[in-house]
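Owing to the predicted nature of the structure, the values given are computational and were not obtained by experimental measurement.
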Protein chains: 2
Amino acid sequence: MHQRNVIMFSKSCEYAIKAMIFVAQKSSEEQRIGVKEIAKGTDAPEHFIAKIMQDLSRRKLIHSIKGPNGGFYMDSHDLKNSIADIVKAIDGDSIYTDCVMGLKACSEKNPCPVHFEYKEIKKNLIKMIEHNTLAEFKEKLESGKFFLKNK
Amino acid sequence: MHQRNVIMFSKSCEYAIKAMIFVAQKSSEEQRIGVKEIAKGTDAPEHFIAKIMQDLSRRKLIHSIKGPNGGFYMDSHDLKNSIADIVKAIDGDSIYTDCVMGLKACSEKNPCPVHFEYKEIKKNLIKMIEHNTLAEFKEKLESGKFFLKNK
DNA sequence: ATTTTAAAAGATATTAAGGTCTTAATATAT
DNA sequence: ATATATTAAGACCTTAATATCTTTTAAAAT
Ligand code: FES
Ligand code: FES
């Protein structure tokens with residue numbers, strides 16, 4: 001059997017999403033949060049998540065400050081980003097364009113065997129990631145409604 | 001950006017599904033079909049698809065005969081298999097058990113941020129792969145309603 | 001029986017994803 | 001100014017997925 005623990009998003013992208021939700025909840029302009037805390041809070045390898053945070057920072061999805069008391073934080077503008085914005089930054093737009101059966105592109109002209117059934121799933125998937133902004137997660141996480149790592 | 005051209009299934013699994021649909025359509029007890037044809041008909045690397053066919057054969061999802069006029073074919077029992085049976089044989093049951101955010105398992109007790117929204121998507125995804133049997137594809141492909149490779 | 005054909009099996013190679021480590025840059029506190 | 005903390009950047013390593021090549025086995029046709 002060909003092991004495979006991932007569906008939908010790359011590991012990097014999973015980490016990115018969880019890290020962004022984590023920072024959204026814990027940080028503010030004054031209270032920044034460091035890579036170590038992010039790694040712990042999301043069960044991600046420290047150096048790996050560091051790289052990912054750099055990516056996100058370069059792509060302006062999050063702010064960072066170096067030095068003592070430095071770290072990552074989000075301003076109100078950053079909080080308006082959705083999961084989809086993170087996915088696009090890390091995994092690109094494959095979720096929007098790819099055929100689930102590996103054809104060059106997902107299209108109505110050259111549909112794969114499951115195209116028309118997958119279409120609906122894809123619509124919901126995109127709705128799922130575009131619907132939720134980080135600001136919304138910030139509230140929800142406080143009430144303990146979900147988890148970023150295993151207990 | 002972390003390239004990623006695959007969502008849902010491994011490449012092996014994509015090839016497997018397309019190969020199985022191809023053989024379902026082209027073969028019969030008397031008319032077997034060889035690896036070369038399968039590779040051409042599905043745009044898959046010949047030696048790689050050969051390995052995959054061996055897997056599927058070992059797992060009794062398909063029949064094979066060696067030697068002159070040998071090849072792969074399906075009997076009426078094989079045709080009753082669904083896409084889900086192929087996916088389980090190649091990718092295991094990760095599609096059933098995995099959390100989309102990479103938590104150890106998908107569960108209501110320790111739900112990830114998008115668990116409750118993903119739940120619905122997952123249900124449809126599973127319905128999609130369990131719903132269609134190879135026999136059904138056999139009919140549909142004949143009418144040119146879908147494609148196994150790019151034109 | 002021998003030859004031919006094609007799958008089965010296994011060894012090896014390549015690529016991409018995932019992960020770690022080291023050094024440089026920079027902001028802050030002292 | 002200097003020391004310190006922390007991100008940024010880049011080099012490097014490891015593993016798993018993907019792909020190829022070679023040899024063996026078995027069935028069928030002759
Ligand atoms: S063509 Fe395959 S999912 Fe649309
Ligand atoms: S817990 Fe993440 S999808 Fe169910």
Side-chain angles (χ1 to χ4, degrees), chain A residues 1-16 18-19 23 27 29-40 42-74 90-92 94 102, chain B residues 1-16 18-19 23 27 29-40 42-74 90-92 94 102:
Chain A
M1 195 215 315
H2 302 219
Q3 289 306 343
R4 133 166 278 261
N5 320 322
V6 153
I7 48 177
M8 311 276 174
F9 310 117
S10 69
K11 214 94 195 76
S12 303
C13 194
E14 287 176 10
Y15 290 149
K18 292 196 284 182
V23 175
S27 81
E29 299 255 3
E30 312 81 46
Q31 183 59 40
R32 294 128 198 181
I33 180 157
V35 160
K36 266 179 203 150
E37 282 177 89
I38 298 174
K40 271 187 198 158
T42 59
D43 263 353
E46 188 183 321
H47 291 107
F48 193 36
I49 196 80
K51 302 247 74 164
I52 295 168
M53 296 312 290
Q54 283 164 35
D55 271 14
L56 294 167
S57 171
R58 239 180 278 115
R59 287 168 182 280
K60 313 284 185 203
L61 292 174
I62 196 165
H63 283 76
S64 73
I65 291 189
K66 291 179 183 177
N69 282 310
F72 296 89
Y73 69 94
M74 288 182 197
I90 304 295
D91 282 348
S94 62
Chain B
M1 198 213 318
H2 302 220
Q3 289 305 344
R4 135 163 274 262
N5 320 321
V6 155
I7 49 177
M8 311 274 174
F9 309 118
S10 70
K11 215 95 196 71
S12 304
C13 193
E14 286 175 10
Y15 290 150
K18 292 195 286 182
V23 175
S27 82
E29 300 255 3
E30 313 80 48
Q31 184 58 41
R32 295 129 199 180
I33 180 157
V35 159
K36 267 180 204 151
E37 283 176 90
I38 297 174
K40 271 186 199 159
T42 60
D43 264 353
E46 187 184 322
H47 292 107
F48 192 36
I49 196 82
K51 302 249 78 169
I52 295 167
M53 297 313 290
Q54 284 165 35
D55 271 14
L56 294 167
S57 171
R58 239 179 279 116
R59 287 168 182 280
K60 313 285 186 203
L61 292 174
I62 196 165
H63 283 76
S64 73
I65 290 187
K66 293 179 182 179
N69 281 312
F72 296 88
Y73 68 95
M74 288 183 197
I90 303 295
D91 281 348
S94 62

Asker: Please give, in whole Å, the distance from D:dC21 C1' to B:Ile49 CD1?
Answerer: 17 Å

Asker: Counting just side-chain N and O atoms, does B:Ser64 come under 4.0 Å of either OP1 or OP2 of C:dA8?
Answerer: yes

Asker: Please give me the minimum heavy-atom distance between A:Glu46 and A:Ala39, naming the atom from each residue.
Answerer: CA-CB, 3.7 Å

Asker: Mind checking the CD1-NZ spacing from A:Ile49 to A:Lys18? Nearest 0.5 Å is all I need.
Answerer: 8.5 Å

Asker: Write down the distance between NE2 (B:His63) and P (D:dA27), rounded to a whole number of angstrom.
Answerer: 13 Å

Asker: Out of D:dT18, D:dA27, D:dC21, which nucleotide sits closest to the side chain of B:Phe48?
Answerer: D:dT18

Asker: Taking the nucleotide of DNA chain D with the closest heavy atom to each, which residue, B:Cys13 or A:Gly34, is nearer the 5' end?
Answerer: A:Gly34

Asker: Report the distance from atom CD of A:Gln31 to atom C1' of C:dT28, rounded to the nearest whole Å.
Answerer: 15 Å

Asker: Please name the pair of heavy atoms, one in A:Asp91 and one in A:Phe9, separated by the smallest distance, quoted to 0.1 Å.
Answerer: OD2-CA, 3.7 Å

Asker: Could you please spell out the steps behind the side-chain contact (heavy atoms from CB on, under 4.5 Å) verdict for A:Leu56 and A:Ile90?
Answerer: CA-CA 8 Å; A:Leu56 294 167; A:Ile90 304 295; 3.8 Å; yes

Asker: Check every atom of D:dT18, C:dT28, C:dA6 against the side chain of B:Ser10 and return the nucleotide holding the closest atom.
Answerer: D:dT18

Asker: Salt bridge between A:Glu37 and A:Lys40, side-chain N to carboxylate O under 4.0 Å?
Answerer: no

Asker: Distance check needed: C:dA6 P versus B:Met53 CE, whole Å only.
Answerer: 15 Å

Asker: Would you classify B:Gly67 as touching base, sugar-phosphate or nothing, given that sugar-phosphate means primed atoms plus P, OP1 and OP2, and contacts are heavy atoms under 4.0 Å?
Answerer: base

Asker: Between A:Gly71 and A:His47, which residue's closest nucleotide on DNA chain D lies nearer the 5′ terminus?
Answerer: A:Gly71

Asker: To check you understand the geometry: which heavy-atom pair defines the closest contact between B:Val35 and B:Phe72, and what is its length?
Answerer: CG2-CE1, 3.6 Å

Asker: Could you give the CG-to-C1' distance, from B:Leu56 to C:dA8, as a whole number of Å?
Answerer: 14 Å

Asker: What integer distance in Å separates A:Ile38:CD1 from D:dA8:P?
Answerer: 10 Å

Asker: Grab the two heavy atoms, one from A:Tyr73 and one from A:Ser64, that are nearest each other, plus how far apart they are.
Answerer: CE2-N, 4.4 Å

Asker: Considering non-hydrogen atoms only, spot the tightest contact between B:Met74 and B:Ser27 and give its length.
Answerer: N-OG, 3.4 Å

Asker: Do any side-chain nitrogens or oxygens of A:Ser57 fall under 4.0 Å of OP1 or OP2 in D:dT7?
Answerer: no

Asker: When you get a sec, tell me which of D:dA27, C:dA7, D:dA8 is the closest nucleotide to the side chain of B:Phe72?
Answerer: C:dA7

Asker: Picking from D:dA28, C:dG18, C:dC21, which would you name as closest to the side chain of B:Pro68?
Answerer: D:dA28

Asker: Let me have DNA chain C in dot-bracket notation, would you? Count Watson-Crick plus G-U wobble pairs, both distances under 3.5 Å, and use [ ] for pairs crossing earlier ones and | for inter-strand partners.
Answerer: ||||||||||||||||||||||||||||||

Asker: Check whether any side-chain N or O of A:Arg58 sits under 4.0 Å from OP1 or OP2 of D:dA9, and answer yes or no.
Answerer: yes

Asker: Atom CD of B:Glu46 and atom C1' of D:dT22: how far apart are they, to the nearest Å?
Answerer: 14 Å

Asker: For the side chain of A:Lys66, starting at C-beta, report the closest nucleotide among C:dT5, C:dA8, D:dA8.
Answerer: D:dA8

Asker: Grab the CG-C1' distance between B:Asp43 and D:dT18 for me, whole Å please.
Answerer: 16 Å

Asker: Hey, does A:Lys51 reach any base, or is it just sugar-phosphate, or nothing, if we go heavy atoms under 4.0 Å?
Answerer: base

Asker: Quick one: is C:dG19 close enough that its OP1 or OP2 comes under 4.0 Å of any side-chain N or O from A:Tyr15?
Answerer: yes

